[in-house]
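Input: a single structure, listed below in structure tokens.
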Amino acid sequence: MPSAPSMLVVLVSNLLTQSIGYFAVVGAIYAVVWRLGRERFRFSRIPAPQRVNFAQIRREMGHTLVTLLAGGFSAGAVIGLDAAGRARLDHGAVAPLVVLGWIVAGLAFNDLWFYSWHRLLHHPSLFRHVHAVHHRSIDVNPFTSYSFHAVEAVLLGSWIVPAVVWLPVPMMALGVLQVLGLFNNVMAHLGYEFLPRWILRVPLLRWTNTATFHSLHHTRSRGNFGLHSRLWDRLFGTEIPDYEEVFVRRGAEAGSTSGTVTL
Ligand SMILES: [Zn+2]
Ligand SMILES: [Zn+2]
């Protein structure tokens, strides 16, 4: 059993490594899309009633550090449960098709987990004390992706704990799910819509989450609670009714949004 000081060293060094990796990836996406591509991508920019400024990004970076720390506790719980023989994680070699099946199952499980908690977090008391932190960002950008209150970060990230206790998830699938989760989150908070309009005409693709779908959640602060898909919102009648119209109309407002464009 490692001593308390050595546990602290492990926690701090993990947080440091994760933070450097996270900010390098998110910073690179921000630099390419928001700075270098600002002019080229202006017709893909999603409108918002108030524009992002450096104070918002500074605040988001601070909350991101809290989220990464909370993520370390979920990871620690999985490692601890696995070491104690309480997790059903599959460490063996698994066929690629099986791994793919587990990835799809994991995405579906996390999608429902996120939708359920997210709707609860919009209950007035939970919203005021917890979820408001994330919703302070109206004009979302890559740095908004992990900008959460500590309680929300633990709730949303802990889907992985029941998943590994109940299901024999292959290790490789778990790793891929973490990476997909990060990129989905950044895509949802990109502030730019790059998905083609025709995806709305493709049976399976039309149900995927998009940057427009989640941006509407931030600008209107209601509806569109989904993470990976629109399925749960459609099923429970919480989808913002004009989502598809806004998705198709993108670009029409370029240069005519209200508020100050500071970045
Ligand atoms: Zn919300
Ligand atoms: Zn968000």
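Remember, it's 1-based here, ligands and their atoms both numbered in the order they're listed.
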Can you name the nearest heavy-atom pair linking R206 to R230, along with the distance?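 Result for this residue pair: O-NH1, 2.6 Å.
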
Grab the two heavy atoms, one from F213 and one from G226, that are nearest each other, plus how far apart they are.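 In terms of heavy atoms, the two residues are closest at CE2-N, 4.1 Å.
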
For H122, what is the atom name of its N, O or S atom nearest to the Zn ion (ligand 1)?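 Closest N, O or S atom of H122 to the Zn ion (ligand 1): NE2.
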
Sole residue of H118, E60, H218 in side-chain hydrogen bond (donor to acceptor under 3.5 Å, both in side chains) with H134: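 Going through the options one by one, the only one that passes is H218.
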
Does a side-chain N-to-carboxylate-O contact under 4.0 Å join D233 and R119?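 Salt bridge flag = no for R119 with D233.
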
How wide is the angle at the Zn ion (ligand 1) between NE2 in H217 and NE2 in H118, to the nearest 10°?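 Output for this angle: 80°, rounded to tens.
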
Suppose we only count N/O/S atoms under 2.8 Å; would H134 qualify as near the Zn ion (ligand 1)?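 Given the 2.8 Å cut-off, H134 does not count as a ligand of the Zn ion (ligand 1).
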
Heteroatom test (N, O or S) for H218 near the Zn ion (ligand 1), limit 2.8 Å: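 No - counting backbone and side chain alike, H218 has no N, O or S atom under 2.8 Å.
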
